[in-house]
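So that the names make sense, note that chain A is the first sequence line, chain B the second, and so on, each numbered from 1. Remember, predicted model here, so these are calculated numbers, not experimental data.
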4 protein chains.
Amino acid sequence: MTAKCFMLLLTIDRSIILFKEIISMPISENQRLKMIQKRKRILDESIDLFAEHGYDGTTIKMIAEKAEVSFGSVFTYFETKEQLFHATVIDSLDAYSEIILDFNPNPENVLQEIENMINNQIKIFSEFSTYLLLVVYVVGHHHRFPETFNELDQFHDKLRGKLSELIKNGQKMGQLFKLDPMYVASCYTSLLMGLRLNFIDEPESEMWKEIVPYAMQLFGPKKV
Amino acid sequence: MTAKCFMLLLTIDRSIILFKEIISMPISENQRLKMIQKRKRILDESIDLFAEHGYDGTTIKMIAEKAEVSFGSVFTYFETKEQLFHATVIDSLDAYSEIILDFNPNPENVLQEIENMINNQIKIFSEFSTYLLLVVYVVGHHHRFPETFNELDQFHDKLRGKLSELIKNGQKMGQLFKLDPMYVASCYTSLLMGLRLNFIDEPESEMWKEIVPYAMQLFGPKKV
Amino acid sequence: MTAKCFMLLLTIDRSIILFKEIISMPISENQRLKMIQKRKRILDESIDLFAEHGYDGTTIKMIAEKAEVSFGSVFTYFETKEQLFHATVIDSLDAYSEIILDFNPNPENVLQEIENMINNQIKIFSEFSTYLLLVVYVVGHHHRFPETFNELDQFHDKLRGKLSELIKNGQKMGQLFKLDPMYVASCYTSLLMGLRLNFIDEPESEMWKEIVPYAMQLFGPKKV
Amino acid sequence: MTAKCFMLLLTIDRSIILFKEIISMPISENQRLKMIQKRKRILDESIDLFAEHGYDGTTIKMIAEKAEVSFGSVFTYFETKEQLFHATVIDSLDAYSEIILDFNPNPENVLQEIENMINNQIKIFSEFSTYLLLVVYVVGHHHRFPETFNELDQFHDKLRGKLSELIKNGQKMGQLFKLDPMYVASCYTSLLMGLRLNFIDEPESEMWKEIVPYAMQLFGPKKV
DNA sequence: GATGAATGAGGGTTCATTCAT
DNA sequence: CATGAATGAACCCTCATTCAT
């Protein structure tokens with residue numbers, strides 16, 4: 001496999017299942033690439049549509065048209081609408097997951113690390129409003145999409161776990177007041193989620209940057 | 001009109017149009033009461049269904065069956081599904097609105113008032129998860145339900161305004177650190193909303209009470 | 001219930017389930033009648049279509065148009081296409097069943113009774129070619145319609161049982177040669193079915209009457 | 001062309017069109033053979049599938065998978081699904097035709113010849129239930145597959161003609177009662193077909209052998 | 001007002017056929 | 001020739017809305 005192709009595969013995240021299927025097909029490199037791009041195109045447009053109209057309000061026709069793909073093609077890449085929905089949520093999760101978890105739980109300067117982290121995460125939350133709305137949708141309808149919800153929930157737990165570790169270290173080092181780390185973590189992720197909902201139509205506004213110190217408060221910093 | 005009937009009408013609130021229709025109808029007091037109750041029944045069950053299944057996922061048949069009302073009856077009380085949805089969200093809003101805004105923005109002891117308020121609101125948010133999920137749904141789909149969203153947004157602004165007033169007073173009285181009151185208010189409502197989403201399956205758990213001091217932090221209290 | 005209505009119900013055979021549903025509905029006598037007729041109309045046209053095009057080759061649209069009923073109406077009378085198919089086969093079975101089993105297994109003159117019976121059954125098989133084709137279809141696809149097939153099979157067993165009894169009596173009375181009664185019965189019903197298939201485009205032709213003595217042979221009559 | 005290849009071609013019989021195409025292709029002997037086998041494989045599996053699921057219920061994908069042939073290959077051997085269906089029925093007909101017509105219409109001992117013939121044909125009917133179900137399917141849907149039906153009908157006429165000849169000879173020689181030979185023949189083929197339907201799930205059971213004397217009766221033997 | 005049968009547009013999905021590789 | 005992705009018409013079924021009773 002060429003390096004170029006390999007890079008592309010990385011960008012489609014970890015859709016290992018289809019990945020395996022596609023690379024095992026007896027077709028040319030070129031064709032393989034096209035298929036991967038087509039699949040990605042469908043998923044990308046699906047995020048917007050599912051986020052805006054919900055699962056039932058989004059039709060395959062809408063997706064096919066927005067992705068400039070024939071109606072039937074959607075079904076050559078995804079067996080059912082439900083699977084497409086799941087892939088739409090989970091494929092992107094992997095990408096966001098990485099950048100959201102990108103902080104050091106054992107830093108020398110905890111306060112600095114927290115501030116950097118908040119800055120980074122606030123930025124992500126302000127930029128990717130569409131995807132986060134989709135996440136909210138899944139959470140709100142978790143009874144209907146239990147498996148998809150479960151994966152999101154696992155990521156949430158992982159994030160809170162890592163946050164908790166960071167907080168514990170800060171407390172040990174005397175940089176943070178003694179508060180239950182898990183509650184702090186939960187409040188922080190709740191705040192991010194809630195902000196995204198409350199400022200639903202303000203992507204990338206200045207407001208987001210201003211929020212950082214307020215979020216900081218939740219961690220119980222000894223000097224602010 | 002009897003006092004009893006009048007009280008009932010208050011609880012169904014703003015459905016002025018139907019209200020007018022019902023009271024102008026040449027029918028007996030008794031029948032009027034029955035109609036009002038029937039309408040309320042439909043709205044109550046609609047909350048659960050719309051919250052769980054979304055607008056498109058909820059059918060009139062489902063509502064009629066859950067409310068133990070004939071299929072046709074739903075359409076004698078609400079012209080269209082969309083109107084029923086709007087009424088479902090907005091009728092309840094007024095009821096919740098009152099208890100959520102139930103705090104004094106000019107108290108003698110601001111810290112105490114804030115703590116009481118948080119206690120009260122956390123309680124509400126923990127108990128009425130279904131309705132709040134519905135609110136989240138409308139917010140997430142605000143392009144589709146602009147009018148309904150607008151009314152929710154107005155309430156949100158009203159709430160933040162009143163919170164802001166309380167915070168300002170606290171700062172004047174030296175009980176709170178100087179922070180932008182509007183940002184604090186926004187963070188606080190975001191936190192409530194976010195908590196509701198993150199602890200979606202934990203209505204009325206002990207956890208909610210523990211959250212109070214963490215929420216308190218956002219207001220920048222001078223001693224905690 | 002009026003006598004008229006009762007008679008009509010008899011003609012729709014034993015579709016007890018729907019019968020109960022319809023008569024328990026809080027609607028007028030007149031409306032009830034219309035519904036029963038509409039249902040019957042759909043079933044009648046379904047026989048022809050399913051018989052000619054098979055299950056997959058027949059569309060709900062075709063049925064609705066032939067029965068002069070709206071597309072949606074088909075689904076107010078039958079939950080699914082599969083159920084409609086089952087009802088199409090089984091509702092008619094009851095009607096035919098009665099006239100096919102209309103012979104006396106303990107007659108004084110067995111030979112005469114057999115001849116009368118064959119005459120009668122040959123007539124039925126010659127006239128109702130469409131329905132019999134449908135029966136053949138179900139038998140040929142019994143793995144796909146196991147329940148429907150099972151009911152047809154039970155009727156077949158019942159018929160062979162009664163034939164067997166008649167044959168036994170004929171043998172006891174010395175009017176028939178000693179042959180295994182069950183085999184004779186099976187051969188006879190097979191002959192009828194086979195004839196229906198072989199003379200598929202010759203309903204009510206003269207040929208059918210001529211067949212009687214040949215069918216008679218199977219019973220092993222002592223003088224012909 | 002090698003003798004071996006020629007023999008193979010005979011077994012795939014009338015597919016003259018493709019036959020011409022294949023032998024006129026500028027390819028190696030070896031490749032030619034492979035193609036012929038592949039075509040046969042498709043047809044063989046098609047019998048089972050069309051017989052069990054009917055024309056509409058059978059998909060090209062099902063056939064390709066069962067025949068372990070690529071989806072696209074089916075269309076390189078057969079222009080349309082309809083042509084494949086026709087070939088499936090007719091190619092096999094020639095094979096069965098030969099063994100079913102394998103009796104002498106002018107034997108010395110007619111009764112013996114008839115018994116041998118019935119034995120042989122009953123055996124065939126008991127063994128090849130799948131193909132016969134397919135025949136029944138075509139007969140039942142003759143309006144939809146007129147050409148295919150027509151070829152089956154011609155074979156049926158040919159069979160009845162030859163049977164008729166045998167019966168006439170038997171009557172001339174005083175071994176059979178005087179009965180209309182054509183009716184007898186029709187009854188006999190009907191009996192075979194009917195038995196196949198009635199004992200649809202009993203391939204090769206003992207029952208079939210027992211049937212012989214009962215079938216014999218139809219021919220009007222003077223002593224049995 | 002109460003009821004639920006009637007309607008048909010629109011949903012997800014399947015599949016024969018085409019065609020580029 | 002072999003392959004399977006691409007296509008969209010047509011399938012069954014659902015459901016908001018209408019309307020006769």
Under 4.0 Å between a side-chain nitrogen and a carboxylate oxygen: does that hold for D91(A) and R39(A)? yes
pair M35(D)-Y77(D): side-chain heavy atoms closer than 4.5 Å: yes
Where at least one partner belongs to residues 70-82 of chain C, residue pairs that pass salt bridge (Lys or Arg N to Asp or Glu O under 4.0 Å), sequence neighbours excluded: none
Shortest non-hydrogen contact between V138(D) and V89(D), atoms and distance: CG2-CG2, 3.9 Å
N/O donor-acceptor pair under 3.5 Å between S73(D) side chain and V69(D) backbone: no
Pick the nucleotide of DNA chain F nearest each of N30(C) and T80(B); which residue has the one closer to the 5' end? T80(B)
Starting at CZ of R39(D) and ending at P of dC1(F), how long is that distance when rounded to a whole Å? 15 Å
Yes or no on side chain to side chain contact (heavy atoms under 4.5 Å, CB included) for T59(C) and M62(C), after CA distance, side-chain angles and deciding distance? CA-CA 5 Å; T59(C) 70; M62(C) 284 160 75; 3.2 Å; yes
Donor-acceptor under 3.5 Å (T58(D) side chain, G54(D) main chain): yes
Could you state the atom-to-atom distance from CZ of F85(B) to P of dT17(F) in whole Å? 14 Å
Could you check how far CE of M35(A) sits from C1' of dA20(E), rounded to whole Å? 13 Å
Could you provide the dot-bracket string of DNA chain E, using ( ) for intrastrand pairs, [ ] for crossing pairs and | for bases paired to another strand, with Watson-Crick or G-U pairs below 3.5 Å? .||||||||||||||||||||
Please state whether the phosphate of dA6(F), meaning OP1 or OP2, lies under 4.0 angstrom from any side-chain nitrogen or oxygen of Y77(A). yes
Nearest-angstrom distance from the residue atom CD1 of I42(C) to P of dA5(E): 13 Å
Separation of E79(A) atom CD from dT14(E) atom P, in whole Å? 8 Å
May I have the distance from F78(A) (atom CZ) to dT14(E) (atom P), rounded to whole angstrom? 15 Å
Using heavy atoms and a sub-4.0 Å distance, could you list which residues of residues 54-73 of chain B are near DNA chain F? By number, please. T58(B), T59(B), I60(B), F71(B)
Using a cut-off of 4.0 Å on non-hydrogen atoms, how would the nucleic acid contact of K34(D) be classed: base, sugar-phosphate, or nothing? nothing
Would you confirm whether the ring centroid of F145(C) sits within less than 6.0 angstrom of the ring centroid of Y55(C)? yes
Presence of K38(A) side-chain N/O under 4.0 Å of dT7(F) phosphate oxygens OP1/OP2: yes
For the aromatic rings, using the six-membered ring if either is Trp, is the centroid distance between Y137(D) and F50(D) under 6.0 Å? no
Closest nucleotide among dA16(E), dA6(F), dG12(E) to the F75(D) side chain: dA16(E)
Return the value, rounded to whole Å, for the distance between atom CD of Q83(D) and atom C1' of dA16(E). 13 Å
Take the protein atom NZ of K81(D) and the nucleotide atom P of dT14(E), then report the distance between them rounded to whole Å. 15 Å
Using a cut-off of strictly less than 4.0 Å, decide whether T76(A) has a side-chain nitrogen or oxygen near OP1 or OP2 of dA5(F). no
